[in-house]
Every structure is written in C-alpha cells, then in structure tokens.
Amino acid sequence: GRFTTDLMRAYGGALVAKEGYEGVYAVGIPAALARRGGRAVGIALKVADGAERGRDPVTVEVLRALGLAKGARLAHLRKLAFRPVVNAHGDVVGDVRVVFSMGPV
C-alpha cells in the first residue's frame with residue numbers, strides 16, 4: 001500500500017525506486033525504458049522537511065517531464081500520489097500540489 005511499491009508495479013517492475021532516510025528518494029530507470037540514447041536515468045530527490053507528502057507528487061512530475069509518465073499511467077500515478085490532507089477527525093482540510101514544472105529534459 002505504499003507509493004514506492006505501486007510505482008514499481010505501474011511499470012511492471014521495469015524501474016526501481018527506494019525510499020531513504022529524512023526525505024531522500026531515488027528512482028532508477030534502465031536504458032530500455034528511458035529511451036534516452038541508450039542511457040539509463042537516475043532521479044534523486046531530497047525533501048527538506050523529511051516528510052513523504054511532497055515526495056510522491058514531485059516524483060510523478062519528474063517522470064512526466066521525462067516523458068516516462070503519460071496517458072493512463074500518468075493518471076494512475078497522480079491518483080496514487082496526490083492524496084488529500086485530512087485532520088484528526090478525518091475531514092479533508094487541504095491537498096498537496098506541485099508548485100513547479102519541468103520543461104523537456
């Protein structure tokens with residue numbers, strides 16, 4: 001039930017992702033999936049406050065910018081990554097949004 005497991009499943013195990021300590025996150029994309037001139041791609045993120053809530057949406061945005069998440073896969077990943085923020089009573093009190101975008105890499 002974690003984003004990292006769901007991310008790897010969304011790509012049929014063709015990429016690997018790993019959560020680290022204090023908001024560090026890494027994704028390894030093999031050359032066959034990356035289609036970048038025979039080169040594999042690595043993504044490394046560090047969330048300054050160490051929280052997970054921003055990590056998943058940023059990961060999805062980076063994959064989208066790299067052309068590795070589009071169509072139904074992108075919609076599925078966004079559904080997994082963009083969860084509402086709820087209070088102690090279970091009321092939705094906000095959401096997490098990506099406030100940057102990447103152009104083509």
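Computation of the quantities below employed the complete heavy-atom set of this structure, encompassing side-chain atoms and omitting hydrogens, waters and symmetry-equivalent molecules.
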**Prompt:** After noting the C-alpha distance and the side-chain angles of Val96 and Val85, does the key distance pass the side-chain contact (heavy atoms from CB on, under 4.5 Å) rule?
**Reply:** CA-CA 7 Å; Val96 176; Val85 176; 4.0 Å; yes
**Val62 with Val47, same ILVMFWY side-chain cluster at under 4.5 Å** = no
**Prompt:** Could you give the distance from CG (Leu63) to CG (Leu74), rounded to the nearest 0.5 Å?
**Reply:** 9.0 Å
**Asked** Does any N or O in the side chain of Lys46 come within less than 3.5 Å of the main-chain N or O of Glu22, such that one atom is a donor and the other an acceptor?
**Response** yes
**Request:** Answer yes or no: is there an ion pair linking Arg97 with Glu61, defined by an N-O contact shorter than 4.0 Å?
**Result:** no
**Request:** Under the side chain to side chain contact (heavy atoms under 4.5 Å, CB included) rule, collect the residues that match up with Arg83, sequence neighbours excluded.
**Result:** Asp56
**Fill in**
Heavy atoms of Phe3 and Leu77 approach each other most closely as CE1-O, 4.3 Å
**Asked** After noting the C-alpha distance and the side-chain angles of Val27 and Val16, does the key distance pass the side-chain contact (heavy atoms from CB on, under 4.5 Å) rule?
**Response** CA-CA 6 Å; Val27 181; Val16 63; over 6 Å; no
**Request:** Report the distance from atom CD of Glu19 to atom CD of Glu52, rounding to the nearest 0.5 Å.
**Result:** 5.5 Å
**Prompt:** Short question: side chain of Asp49, backbone of Ala51 - any donor-acceptor pair under 3.5 Å?
**Reply:** yes
Distance-only donor-acceptor hits, side chain of residues 5-13, under 3.5 Å, sequence neighbours excluded:
residue : atom : partner : partner atom : Å
Tyr11   : OH   : Leu68   : O            : 2.5

**Prompt:** Taking all atoms of both residues into account, what is the closest heavy-atom pair of Pro57 and Arg53, and its distance?
**Reply:** CD-O, 3.3 Å
**Complete:** CD1 (Ile43) and OH (Tyr25) are apart, to the nearest 0.5 Å, by 9.5 Å
**Fill in**
Val60 and Ala81 have their tightest heavy-atom pair at CG2-CB, 3.7 Å
**Asked** How many angstroms lie between CG in Asp91 and CG in Asn87, if you round to the nearest 0.5 Å?
**Response** 4.5 Å
